[in-house]
Amino acid sequence: MEPNIVLIGFMGTGKSVAGRRLARRLNRDFIDMDQEIEKFLGMSISEVFARFGEVRFRSEEHLMVRRLAEMENKVISTGGGVVLNPENMKLLRKNGIIVALTADPEVVFRRVSGNRRRPLLARADLETVRERMESRATYYRDADIVVDSSEGPPEDTVEEILRALRKYRKTGNGDKR
Ligand code: S3P
């Protein structure tokens, strides 16, 4: 049985893009948690926030974590807020290696601005992005492997994840910045 590889990180750190490529490289199935929630509820994440609010979204997110944590051998990219519920992380860790993606606030801001898919950053300026990232930083640091995705194309991020995973498997220690 192979553990899941679970990507966590703030919005705009490239979890979905890197996750999809990583899965291809490892010949595993890729699961995007937000997309699974959207499929399950039949509406977009923005719609869930607008119609039912964040509390409801978090509860749907938790239910999805419970389902996905039962799986094995997958690459799973999570929504940026999954770390806020310690129970989520406990479940995902049980059968998963946790890989956090980080990026500079300026890079995140550039990636997410003008993208209406993210209700929590709909009107955020750079300062707001910086504050939100800072308030979550300790959650993301608490991963087995931490990789910065600020520079270079997604392939570089994936290479770095693969390298850190090999090291982690050998030594029980990944790369942490
Ligand atoms: C959220 C991140 C989003 C999505 C929702 C809430 C967050 O996912 O789950 O909008 O609280 O950070 P991405 O990280 O894929 O943008």
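Worth knowing before you read on, the calculation uses all heavy atoms, side chains too, and leaves out hydrogens, waters and symmetry mates. Both counts, for ligands and for their atoms, begin at 1 and track the order of listing.
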* Is the side chain of Asn85 donor-acceptor paired with the backbone N or O of Glu87 at a distance under 3.5 Å, no angle test? -> yes

Nearest heavy atom to atom 9 (O) of ligand 1, choosing from Val108, Leu101, Asp34, belongs to Asp34

The protein heavy atom nearest to atom 11 (O) of ligand 1 is Arg58 NH2, 2.6 Å

Residues Asp32 and Ser77: closest non-hydrogen pair is OD2-OG, 3.5 Å

Heavy-atom proximity to atom 5 (C) of ligand 1 ranks first, among Leu120, Ile37, Ile45, for Ile45

In ligand 1, the atoms that come under 4.0 Å of a heavy atom of Gly79 are 8 (O), 9 (O), 14 (O)

Residues passing the salt bridge (Lys or Arg N to Asp or Glu O under 4.0 Å) test with Arg132, sequence neighbours excluded, are none

Quiz item: Does the distance from a Lys or Arg side-chain N to an Asp or Glu carboxylate O, for Arg130 and Glu106, drop under 4.0 Å?
Solution: yes

protein heavy-atom neighbour closest to atom 7 (C) of ligand 1 works out as Gly81 N, 3.3 Å

message: I'd like to know if Arg93 and Asp142 make a salt bridge, using a cut-off of under 4.0 Å between side-chain N and carboxylate O.
response: yes

Looking only at heavy atoms, the pair that brings Ile45 and Glu38 closest together is N-OE2, 2.9 Å

Heavy-atom proximity to atom 12 (O) of ligand 1, picking from Arg136, Glu61, Arg118, points to Arg136

Original post:
For Lys15 and ligand 1, does the shortest N/O to N/O distance drop below 3.5 Å?
Top reply: yes

**Item:** Nitrogen or oxygen atoms of Gly80 and ligand 1 under 3.5 Å apart
**Value:** yes

